Amino acid sequence: HIRLGAILEMIHMASLVHDDVIDMADKRRDVPTANSLWGNSLAVLLGDILFSHAMVVSTEFNSIDFCKRLASIVRDVCQGEVAQSSRLYDLSMTKEEYFEIIRKKTASLFSAATGGSAWLSNVSPEIENALYQLGDLLGVAYQIYDDCLDMVGDEDDAGKTLHTDASKGKLTLPIFYLLECGDRNVEASLREAIENQETVDYSKLKDNPVYADSVNKAIQVALNKNEAAREILWLLPQTEYRE
């Protein structure tokens with residue numbers, strides 16, 4: 001289980017290193033990012049090394065099935081990032097496509113942790129599948145939270161560079177809700193900015209009730225995902241760990 005945790009954290013760190021290059025972020029976890037210290041080229045190579053080392057460590061399980069599962073996770077994370085980067089400023093993107101992207105780029109790691117632990121523990125197929133689903137729900141909820149944080153969070157509190165989604169044209173769940181908020185002026189100005197690939201200054205909307213409402217709607221979706229994940233835990237045997 002510790003080895004699985006180490007493998008998943010290496011994949012996670014690799015994706016963050018590459019994310020920071022794409023977002024031109026200069027801070028992560030209250031310290032300078034790799035790209036800000038050593039430049040984009042070395043940061044990309046560092047991410048590649050972390051990905052590849054995770055695959056090397058996975059062979060220590062001596063299981064073709066495990067290696068296939070891990071390779072699929074790495075593929076999903078990368079495909080999710082590519083899909084997101086290819087849909088910047090794309091108003092034709094739907095909420096369903098947004099959810100598919102975050103399932104790959106974020107939730108796949110959560111489900112790998114919960115489902116992978118179940119696989120290592122030789123539980124029944126029913127429990128294993130349920131725990132994969134639990135991780136998927138938690139991962140989607142976390143990404144929604146992170147997307148909301150990017151809009152309304154404080155960099156000093158978060159310990160990382162924020163407000164990159166607006167400058168990069170990423171369409172996230174709170175932005176989708178803002179695009180359908182019912183305030184025609186807000187909707188029109190937001191669409192125009194996205195179509196012209198301009199950075200949206202969301203701080204100008206902070207006093208408008210539709211802004212908080214859009215963020216709150218997204219947060220509620222995340223909370224619903226959390227509650228659905230919590231319900232899955234009742235399938236597990238009654239132990240202190242489940243509680």
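Here the structure is a predicted model, which means the values were calculated and not measured.
- Ring geometry, F61 versus W119: the interplanar angle exceeds 60°, so the pair is classed perpendicular (tilted spans 30 to 60°).
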Please assess N224 against Q220 for the test side chain to side chain donor-acceptor pair (under 3.5 Å), listing each intermediate value before the final yes or no. CA-CA 6 Å; N224 291 343; Q220 189 56 54; 3.0 Å; yes

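- Between atom CG of residue L190 and atom CD1 of residue I194 there is a gap of 4.0 Å, rounded to the nearest 0.5 Å.
- For K217 and E180, the salt-bridge test fails: no basic side-chain N is under 4.0 Å from an acidic carboxylate O.
- The CD1 atom of I11 sits 4.0 Å away from the CG atom of L70 when rounded to the nearest 0.5 Å.
- Geometrically, K105 does not engage Y98 in a cation-pi contact defined by less than 6.0 Å to the ring centre and at most 45° from the axis.
- D23 has a carboxylate O that lies under 4.0 Å from a charged side-chain N of K170, or vice versa, which qualifies the two as a salt bridge.
- Salt-bridge check for E227 with R230: passed, with a basic side-chain N closer than 4.0 Å to an acidic carboxylate O.
- No option in E81, Q84, Q79 other than Q79 meets the side-chain hydrogen bond (donor to acceptor under 3.5 Å, both in side chains) test with K104.
- Separation of atoms CG (N129) and CG (L235) is listed at 11.0 Å; rounding is to 0.5 Å.
- Atoms CZ and CD, on F176 and E97 in that order, are 8.0 Å from each other to the nearest 0.5 Å.
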Can Q143 and D147 be said to form a side chain to side chain donor-acceptor pair (under 3.5 Å), step by step? CA-CA 6 Å; Q143 187 58 58; D147 291 342; 2.9 Å; yes

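- One N or O on the side chain of S15 and one on the backbone of H12 form a donor-acceptor pair closer than 3.5 Å.
- From T172, atom OG1 reaches atom CG of D146 across 10.0 Å, with rounding to the nearest 0.5 Å.
- Of the candidates D20, D19, T33, N35, R28 forms a side-chain hydrogen bond (donor to acceptor under 3.5 Å, both in side chains) with just one, namely D20.
- Note on E128 versus R69: salt bridge recorded, some NZ/NE/NH1/NH2 to OD/OE distance being below 4.0 Å.
- Atom CD1 of I73 sits about 9.0 Å away from atom CE of M55, to the nearest 0.5 Å.
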When you look at S63 and D65, which way does the side chain to side chain donor-acceptor pair (under 3.5 Å) test go after all the steps? CA-CA 5 Å; S63 167; D65 184 40; 5.1 Å; no

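- When atom types are taken as modelled, the side chain of N208 and the backbone of Y211 share no donor-acceptor pair closer than 3.5 angstrom.
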